[in-house]
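Remarks on the structure that follows.
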Amino acid sequence: MSPFINKFSTQHYDLAATLSSGQAFRWRAQGDAWIGVIAGRWVRLRCEDDGVLAETAEPITDWNWLTHYLQLQLDLPSVLASFPDDAPMRSAVAVCRGLRLLRQDPWECLASFILSSTKQIVQIQQIIALLCERYGELVAIPTGEPPAHAFPSAARLAAITEKELRDCKMGFRAPYLLATARMVAEGRIDLERLRGLGVAEAREALIGLPGVGRKIADCVLLFAYGFQAAFPVDVWVMKALRELYFPRRRPTPKRLQKFTETYFGSHAGYAQQYLFHYMRKHVPSATPIPAQLKRKNAHPRRSSGNRPTEPFSYAN
DNA sequence: CTCCAGGCGCCTT
DNA sequence: AAGGCGCATGGA
């Protein structure tokens with residue numbers, strides 16, 4: 001056991017939900033603990049009754065990198081209180097209590113989500129593990145632990161070939177990641193500068209990158225920069241929105257976007273993560289893009305079971 | 001075997 | 001502007 005341990009008092013922090021809910025892809029479970037690398041530092045986290053225990057490989061004087069990443073200072077109850085007071089959100093909050101949004105490194109987050117398209121979370125984790133193992137710097141670890149790597153820098157990835165990326169099993173995403181890595185490495189986009197922009201401008205800058213569309217941009221805006229207005233709509237959230245809020249009609253994409261921008265309050269992105277996690281945890285058999293969508297005059301089919309509420313349209 | 005996965009970019013209408 | 005399709009890879 002490493003002697004470099006600190007305990008952070010906090011309430012309502014569900015590490016497992018937070019670290020395995022598809023916002024970050026590098027965390028590995030070890031018993032009831034979680035091992036990962038943040039800002040080039042190996043760290044092992046464990047939930048305790050009244051806080052989070054953190055263990056590092058080297059002495060730490062300033063823990064800000066960790067508290068910021070985990071958003072330990074956040075007043076979660078007040079965020080939850082900002083959600084719309086409707087049955088789906090109440091259910092999601094009840095089921096996901098303690099789920100947090102992380103505040104990740106922009107480059108790692110951007111690269112990770114470029115690799116996420118049309119992949120399941122397990123596969124994304126595999127690709128990123130390979131990428132880090134091959135091109136990330138070794139980081140200090142406690143004795144007895146397996147080697148750990150930092151996430152490779154944009155400059156490092158910009159210097160390798162598309163074939164080497166493809167060999168990490170990322171397929172057609174390889175040219176996107178390579179091109180974006182080069183743009184970042186060459187300073188054609190400054191990821192730090194985005195922090196000072198409004199959400200719309202920051203989104204526009206991200207969408208200008210190869211392999212980055214609206215969904216991936218919003219993931220980065222939310223998970224790396226903390227823009228609470230970012231609301232990534234993927235197949236799961238789409239399914240949640242349709243079934244929970246538009247059970248009887250098919251909203252146009254524009255209408256749906258307006259809804260996500262206005263309905264969910266000042267922490268809409270947070271609400272989105274609760275919906276996402278709730279759908280994944282509690283409707284596991286559901287297919288995100290049901291075939292009945294393609295059928296004409298089909299009633300939205302109720303998947304049997306665990307829906308807590310009767311379908312009802314909350315959209316005005 | 002087939003289907004499809006936390007999409008994007010490009011090509012049709 | 002809206003919709004269809006190809007793109008790699010691996011698991012069910």
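Chain A is the first sequence line, chain B the second, and so forth, proteins listed ahead of strands; every chain is numbered from 1. Quantities reported herein were computed from a predicted structural model and do not represent experimental measurements.
- A:D50 contributes no side-chain N or O that, together with a main-chain N or O of A:S9, makes up a donor-acceptor pair within less than 3.5 Å.
- Side chain of A:S78 to backbone of A:D75: a donor-acceptor contact under 3.5 angstrom is found.
- Rounded to whole Å, atom P of B:dG6 lies 8 Å from atom CD of A:Q123.
- In this entry the distance linking CD1 of A:I127 with P of B:dA5 reads 16 Å, nearest Å.
- In this pair, A:Y263 and A:F259 present their aromatic rings parallel. The plane angle is below 30°, not in the 30 to 60° band.
- Taking atom NZ of residue A:K239 and atom P of nucleotide B:dA5, one finds them 11 Å apart after rounding to whole Å.
- Side chain of A:R46 to backbone of A:W34: no donor-acceptor contact under 3.5 angstrom is found.
- Side-chain N or O atoms of A:W65 include none that pairs as donor or acceptor with a backbone N or O of A:G40 at under 3.5 Å.
- Atom CG of A:L256 and atom C1' of C:dA2 are 15 Å apart (whole Å).
- Here the P atom of nucleotide C:dT9 and the CD atom of A:Q126 are 13 Å apart, to the nearest Å.
- As the counterpart of B:dG6, no nucleotide is assigned, since no Watson-Crick or G-U wobble pattern has both distances under 3.5 Å.
- Atom CD1 of A:I121 and atom P of C:dG10 are 18 Å apart (whole Å).
- Within the 4.0 angstrom heavy-atom criterion, base atoms lie near A:S21.
- Taking atom C1' on both nucleotides, B:dG6 is separated from C:dA2 by 23 Å, rounded to a whole Å.
- The stretch residues 149-170 of chain A does not touch DNA chain B, since none of its heavy atoms comes less than 4.0 Å from the strand.
- A:Q71 contributes a side-chain N or O that, together with a main-chain N or O of A:H68, makes up a donor-acceptor pair within less than 3.5 Å.
- C:dA8 sits 16 Å from B:dC11 when the P atoms are compared, rounded to a whole Å.
- Residue contacts for A:F113: at a heavy-atom cut-off of 4.0 Å it reaches no nucleic acid atom on any strand shown.
- Listed for the A:E186 side chain is no donor-acceptor partner under 3.5 Å among the backbone atoms of A:V184.
- Nucleotide C:dA8 holds its C1' atom 16 Å from the CD1 atom of A:I114, rounded to whole Å.
- The local environment of CZ in A:R188 is sparse, with at most 12 non-hydrogen atoms from other residues, nucleotides or ligands closer than 6.0 Å.
- Looking at A:Q23, its side chain does come within 3.5 Å of a backbone N or O of A:L102 through a donor-acceptor pair.
- Between the A:Y176 side chain and the A:L209 main chain, no donor and acceptor come within less than 3.5 Å of each other.
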Write down the protein N/O and nucleotide N/O pairs, taken from nucleotides 3-5 of chain C, whose separation is under 3.5 Å; answer none if there are no such pairs.
none

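- Here the side chain of A:R103 pairs no donor or acceptor atom with the backbone of A:L222 at under 3.5 angstrom.
- Between the CD atom of A:Q120 and the C1' atom of C:dA8 there is a distance of 14 Å, given to the nearest Å.
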Distances under 3.5 Å between nitrogen or oxygen atoms of protein and nucleotides 7-11 of chain B:
residue	atom	partner	partner atom	Å
B:dG7	OP2	A:T118	N	3.0
B:dG7	O5'	A:T118	N	3.4
B:dC8	OP1	A:G213	N	3.0
B:dC8	OP1	A:G213	O	3.4
B:dC8	OP1	A:I216	N	3.1
B:dG9	OP1	A:G211	N	2.7

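- No side-chain donor-acceptor contact under 3.5 Å links A:R203 to the backbone of A:A230.
- The separation of C:dC5 from B:dC4, taken at their P atoms, amounts to 14 Å, rounded to a whole angstrom.
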